[in-house]
Amino acid sequence: MKDNLNSIDFLLRCADTVVSKDELQKRISSKKKLNLKLGVDPTAPELHLGHMVILKVLRRFQDHGHNVQIVIGGFTALVGDPSGKKTTRPVLSAVEIEKNTKRYKEQALLILDSRKTDFLNNNDWLGNLSAAEILGICQARSLNRIIERDDFRGRLNRGESIRVHEVLYPIFQAHDSVVMCPDVEMGGTDQIPNFMTTRQAMKESGQDPEIVITMPLLVGLDGKKKMSKSYENHISLEENAKDMYGKLMSLPDAPMKDYFHLLTDIEELKISEILSMHPMDSKKILAFEITSFLKGEESALSARSHFENTIQKKTIPDDRKTFTYSSDVNLLDVIHKTGNFSSKNEVKRLISGGGVKVDGDTINDWQFIFKPKFKGTVKAGKRFWFDLEVL
RNA sequence: GGAGGGAUGUCCGAGUGGCCAAAGGAGGCGGGCUGUAAACUCGCUCGCGUAUGCGUACGGGGGUUCGAAUCCCUCUCCCUCCA
């Protein structure tokens, strides 16, 4: 059973919810150019592979001629999504939002087709609503419907407080869709309750409700928790090719299958074929595929050979810095001065723990002195090498 | 408005006057094993040029004491219950 790259099943590969597939099929068959909406939060401008999952699906739609509208939540950022009880929500200035938006654009366009992508800011329509207008919108919504969702109901049952603005959040988000009239809205699984409110709102405004597609969360490099910057298990889209490739190689085996499905366009059959190889070889294909898609084939090739040389063949990489001293220096100082370690104690620990080699020999005396005329290569920690020369 | 509970190192969490730079766990770092995977295993995990030493550190400030994370006062923040 081969994937047909044009089939709706391929477009929706791995989607965990589609409401509804029939409707989508109908709209696609009508040959109409569809508008796909994606809402983003301008408080977190650094994108990673987890964000790429959705962008990748959007890109497939674009390749079929459809259009993508990214809504920057300039206004809703001030309201705060009810999921997650963040202590204080930073209030962003217009300038910051501008800056974050720009950065977001750059990263998103690594994946999306710029000719088929529009960027909007919901502050443009939400920011100027009068109190009367807000009342009007709220009049058409029912609280019952909103607090049906599990997280609200749970909090009510447990007697935990729900702030009024949290209830308003889905109303504002829904209003975006009422204004934009998208055919499809995409998001993460956690957005489903908000999307349901949105569909309801669109119906009440006499529109065809948007189709909702949600994608599963990508697991992070620890193989356990979802990929997130705050868990420090992410791979940033801004990462350079070498690090991206290297980090992908450190991914546990188990999530590889998901990574192939969610982040590449490789067909189903081919994926199972790749996964039946030695896990390390499959992972190299995965790492290459993703790095090359985001950073270009050339960088990916050199990232791969860098990995093979330094890690697999244990060759010392040649892009090392050289540090030169004019008189005796000890090991501690030399390593500390490279600026890669935050304190001398940290370096001492590294040295006495056996993590430092000079020209291949482990040295665990931090007072080790380099005499004049010394010339050699120091390895400090797992993957940091530098040259040292004492005149 | 009233009653009560809480804030400890990156995180979780023990500790209720000296033996506390503070148990334990997680995470992280380094070694071994390996496929820079997992699992396993061993060591380290505030800073200071080398220290039975000094400095910082248990939400902020002040006090009691020879001595405070531990007691008292006060401030800030969080939570629960009643209204």
Side-chain angles (χ1 to χ4, degrees), chain A residues 49 84-89 154-163 218-235 239-260 274-288 290-291 303-317 325 327-338 340-358 360-370 378-385:
Chain A
L49 258 32
K85 295 168 122 195
K86 285 280 166 236
T87 42
T88 40
R89 182 158 273 271
R155 282 161 71 183
L156 278 174
N157 288 340
R158 273 174 275 130
E160 291 169 11
S161 88
I162 296 173
R163 308 292 161 146
L218 187 74
V219 70
L221 284 178
D222 55 3
K224 291 176 194 132
K225 290 179 280 194
K226 69 165 183 177
M227 184 175 284
S228 155
K229 198 182 169 192
S230 47
Y231 294 147
E232 290 184 338
N233 63 359
H234 69 300
I235 300 179
E239 209 95 55
N240 68 55
K242 269 182 206 165
D243 290 342
M244 185 175 280
Y245 189 96
K247 286 188 181 181
L248 281 163
M249 286 309 290
S250 75
L251 182 76
D253 293 348
M256 259 204 282
K257 189 175 176 188
D258 288 339
Y259 272 57
F260 270 112
I274 293 172
L275 289 173
S276 66
M277 304 178 352
H278 185 291
M280 194 195 53
D281 293 322
S282 340
K283 209 176 290 173
K284 281 171 89 169
I285 294 175
L286 177 73
F288 182 80
I290 294 172
T291 308
R304 185 173 67 191
S305 55
H306 177 265
F307 174 83
E308 286 169 347
N309 289 330
T310 67
I311 304 304
Q312 303 196 293
K313 295 186 195 143
K314 301 207 191 304
T315 316
I316 299 169
Y325 290 86
S327 59
D328 289 14
V329 257
N330 72 22
L331 189 55
L332 175 69
D333 282 331
V334 163
I335 295 175
H336 183 68
K337 290 269 170 54
T338 62
N340 278 262
F341 303 89
S342 53
S343 72
K344 289 195 177 182
N345 273 349
E346 190 186 341
V347 179
K348 281 186 195 170
R349 273 179 234 131
L350 183 69
I351 297 172
S352 36
V356 172
K357 286 184 179 179
V358 176
D361 298 321
T362 303
I363 302 218
N364 39 29
D365 172 19
W366 62 266
Q367 300 187 71
F368 183 87
I369 303 277
F370 293 102
V378 180
K379 183 187 183 200
K382 240 173 182 142
R383 43 192 168 201
F384 176 56
W385 292 262

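Only this structure's heavy atoms are used, side chains among them; waters, hydrogens and symmetry mates stay out. Proteins come first, then strands; the chains are lettered A, B, ... in the order of their sequence lines, and each starts at number 1.
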### Task
Check whether any side-chain nitrogen or oxygen of A/R349 sits under 4.0 Å from OP1 or OP2 of B/G47, and answer yes or no.
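True: A/R349 side-chain N/O within range (under 4.0 Å) of B/G47 OP1/OP2.
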### Task
Look at A/S250 and B/A37 and indicate whether a side-chain polar atom (N or O) is within less than 4.0 Å of OP1 or OP2.
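Looking at the OP1 and OP2 atoms of B/A37, neither is under 4.0 Å from any side-chain N or O of A/S250.
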In whole Å, what is the span from the [atom1] atom of [X] to the [atom2] atom of [N]?
X	N	atom1	atom2	answer
A/N364	B/G43	CG	P	16 Å
A/L221	B/A37	CG	P	12 Å
A/N330	B/U50	CG	P	13 Å
A/K337	B/G49	NZ	C1'	11 Å
A/K247	B/A37	NZ	P	15 Å
A/L350	B/G30	CG	P	7 Å

Nucleotide paired to [N] in any strand shown, Watson-Crick or G-U, under 3.5 Å:
N	result
B/U80	B/A3
B/U16	none
B/G9	none
B/A69	none
B/C33	none
B/C46	B/G55

Residues 249-259 of chain A, side-chain donor-acceptor partners within the protein, below 3.5 Å, at least two apart:
residue: A/S250; atom: OG; partner: A/K247; partner atom: O; Å: 2.8
residue: A/D253; atom: OD1; partner: A/K283; partner atom: NZ; Å: 2.8
residue: A/Y259; atom: OH; partner: A/V219; partner atom: O; Å: 2.7

### Sugar-phosphate, base or nothing in reach of A/Q312, heavy atoms under 4.0 Å
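Result for A/Q312 = sugar-phosphate.
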### Message
Do A/I290 and A/I235 make a side-chain contact, defined as non-hydrogen atoms from C-beta onward lying under 4.5 Å apart?
### Response
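Counting from C-beta outward, A/I290 and A/I235 never come under 4.5 Å.
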### Message
Distance criterion of 3.5 Å, no angle test: do you see the side chain of A/D222 paired donor-to-acceptor with the base of B/G27?
### Response
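No, the side chain and the base share no sub-3.5 Å donor-acceptor pair.
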